[in-house]
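Working notes, structure below.
So that the names make sense, note that chain A is the first sequence line, chain B the second, and so on, each numbered from 1. Computed over heavy atoms, backbone and side chain alike; hydrogens, waters and symmetry mates excluded.
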Amino acid sequence: MSDTPVVTRFAPSPTGFLHIGGARTALFNWLYARGRGGKFLLRIEDTDRARSTPEATQAILDGLTWLGLDWDGEATSQFEAATRHAEVAHQLLSEGKAYKCFSTQEEIAAFREQAKAEGRSTLFRSPWRDVPEAEHPDAPFVIRIKAPQDGEISIQDAVQGEVTWKAETLDDMILLRSDGTPVYMLAVVVDDHDMGVTHVIRGDDHLANAARQSMIYTAMGWDLPTFAHIPLIHGPDGKKLSKRHGALGVEEYAAMGYTPSGLRNYLARLGWSHGDDEVFTDAQALEWFDLSGIGKAPARLDFKKMENICGHHIAMSDDKVLMRDIEHYAANDMQQNLSQTQKDKLAEALSVLKGNSKTLGALLDKAHFILGSRPFTPDEKAAKQLNSVSRGILKELTPHLQTATWSREMLESVLNDFAASKEMGFGKLAGPLRAALSGRAVSPSVFDMMMLIGQEETLARLEDAQGT
RNA sequence: GGGGUGUUCGUCUAGUGGUCAGGACAUUCGUCUUUCCAACGAAAAGCAGGGGUUCGACUCCCCUACACCCUACCA
């Protein structure tokens with residue numbers, strides 16, 4: 001396809017679950033790499049020891065797995081490469097492209113405070129940039145990069161276009177802390193280079209960082225990867241996604257009954273488009289996805305649309321995949337492990353269930369007639385269908401069903417004839433019948449249900465409904 | 001304070017100087033029906049504001065407004 005194989009990566013910080021925005025970033029990287037026969041790598045940015053936890057790492061891995069985004073090789077730990085990062089910092093130091101800065105954090109903080117008070121730029125200029133080694137004190141120091149002091153720095157971004165900064169607006173950022181540990185900005189660049197990442201697709205909160213990072217690439221004489229800074233996702237109110245919006249982690253979307261493929265489709269369509277295509281398969285997404293189709297404006301989450309897309313995916317889902325999704329949903333989000341018999345019944349009924357359910361929850365609701373067992377206690381709405389009059393009707397209907405041949409055509413004619421003989425609309429008959437068969441006011445068609453549960457069970461449920 | 005980015009129906013978006021500004025979700029109203037599930041049909045709804053450039057701007061330039069990001073020995 002192309003001469004240089006594509007390598008992308010997703011690099012989350014393990015400080016919480018897999019964020020929905022992170023999930024989309026991962027998806028874009030995955031689509032781009034997989035659609036081009038490239039590699040999709042996973043790197044855990046765990047250099048912040050205080051906030052990183054193994055549980056969070058696991059949650060992220062689980063989230064990606066649930067979403068169906070598989071990565072190549074083992075997930076790597078950024079923290080474990082700290083020595084290599086420090087090595088690069090020292091190389092830059094010995095090449096005169098970086099320097100030791102002895103300014104203390106207190107000094108810098110005081111400077112910033114004063115600058116702010118006076119309304120000046122808070123950009124810190126270290127006085128140590130050109131101080132010769134001989135004059136260095138014996139004190140803790142950080143290593144800072146020597147940023148260019150004049151001219152411009154610009155990066156070519158696949159989404160944002162050319163973005164330029166004046167050199168004087170950029171400071172000599174720290175590469176290595178006074179305790180010798182590398183700073184994020186250095187770690188990312190070194191890791192991306194070492195891992196052979198060709199395309200850095202990430203949130204546009206990193207756009208400004210890209211300028212700083214490019215200085216490291218340049219100083220090391222490394223080729224820059226292609227950058228693609230994608231706009232962030234906002235909450236339905238247009239504000240930045242935060243705790244008060246709820247539903248931040250992908251597992252919450254799983255709990256709401258969305259399917260992985262539905263969410264993939266929805267997320268791909270958020271901030272990216274391929275003409276007017278709204279509902280598409282993974283194969284199509286893989287074929288169509290390109291950086292040029294990514295928009296620049298932040299997008300808002302819209303649960304209604306998510307539901308709609310998900311409904312399409314449930315309907316077009318492969319039965320095996322759908323069964324797996326349902327089992328996962330039932331086990332994890334409803335604390336209900338389906339028995340083998342329930343699974344078998346579900347598999348049998350899948351074709352009538354999947355056509356009109358937008359979420360797995362809705363699907364399982366409709367499956368109640370096959371998942372539950374006698375006697376069915378009608379819910380509130382179903383109970384309304386079962387008054388003394390309708391019970392009488394069901395009672396009269398029973399003998400007709402006892403003698404009927406159990407085929408769909410036969411049942412249709414039996415029920416229609418019966419309704420006609422009573423001079424009532426079919427709806428008047430189907431309502432109570434539905435309530436009796438499923439205990440619900442919403443279910444699949446009464447014929448589908450009768451065919452699925454069989455004659456004996458149908459009669460038994462009718463009996464139950466008449467009883468009380 | 002400094003720097004960067006963004007702004008097309010309520011929402012996601014198509015659109016790169018000449019279009020009745022298209023599609024989808026949602027909404028409203030209908031249709032169908034065996035279901036307050038679903039399906040189907042129709043309607044309504046938009047280029048943030050102001051200046052330019054041009055025969056002609058949603059499209060190009062400038063300004064304003066608003067939003068967001070960066071401005072840490074966090075990532």
So, for [X] and [Y], which heavy atoms are closest and what is the spacing to 0.1 Å?
X: A/Phe124; Y: A/Asp171; answer: O-CB, 3.9 Å
X: A/Asp157; Y: A/Val159; answer: OD1-N, 2.8 Å
X: A/Arg125; Y: A/Glu168; answer: NH2-O, 3.0 Å

Go through the N and O atoms of the side chain of A/Asp302 and the base of B/rC12, and report whether any donor-acceptor pair is under 3.5 Å. no

Roughly how many Å is it from [atom1] in [X] to [atom2] in [N], rounded to a whole number?
X: A/Asp48; N: B/rA72; atom1: CG; atom2: P; answer: 17 Å
X: A/Phe124; N: B/rU71; atom1: CZ; atom2: P; answer: 16 Å
X: A/Lys304; N: B/rU28; atom1: NZ; atom2: P; answer: 10 Å
X: A/Tyr266; N: B/rC12; atom1: OH; atom2: P; answer: 8 Å
X: A/Asp205; N: B/rC69; atom1: CG; atom2: C1'; answer: 7 Å
X: A/Met450; N: B/rU35; atom1: CE; atom2: C1'; answer: 14 Å
X: A/Ile314; N: B/rA38; atom1: CD1; atom2: P; answer: 12 Å
X: A/Asp379; N: B/rC36; atom1: CG; atom2: C1'; answer: 12 Å

Of A/Tyr184 and A/Pro444, whose nearest nucleotide on RNA chain B comes first from the 5' end? A/Pro444

If you pin A/Thr104 and A/Ala430 to their nearest nucleotides in RNA chain B, which one's is more 5'? A/Ala430

Is the phosphate of [N], meaning OP1 or OP2, less than 4.0 Å from a side-chain N or O of [X]?
X: A/Arg202; N: B/rA75; value: no
X: A/Lys296; N: B/rG6; value: yes
X: A/Thr122; N: B/rU71; value: no

Taking atom C1' in both B/rG41 and B/rG51, compute the distance separating them and give it to the nearest angstrom. 45 Å

Please give the distance between the P atoms of B/rG49 and B/rU8 as a whole number of Å. 11 Å

Among B/rG6, B/rG2, B/rC69, the one nearest A/Thr169 by side-chain distance: B/rG2

Consider the side chain of A/Asn356, meaning its heavy atoms from C-beta on, and name the nucleotide among B/rC70, B/rC37, B/rC12 that approaches it most closely. B/rC37

Protein within reach of the bases, or only the backbone? For nucleotides 39-48 of chain B, mark each nucleotide 5' to 3' as B, S or -, using heavy atoms under 4.0 Å. ----------

Sub-4.0 Å heavy-atom contacts from residues 272-287 of chain A onto RNA chain B, ordered by number: A/Ser273, A/Asp276, A/Glu278

So does A/Glu113 have more than 12 non-hydrogen atoms from other groups sitting under 6.0 Å from CD? no

Relative to each other, are the rings of A/Tyr253 and A/Tyr258 parallel, tilted or perpendicular (30° and 60° limits)? tilted

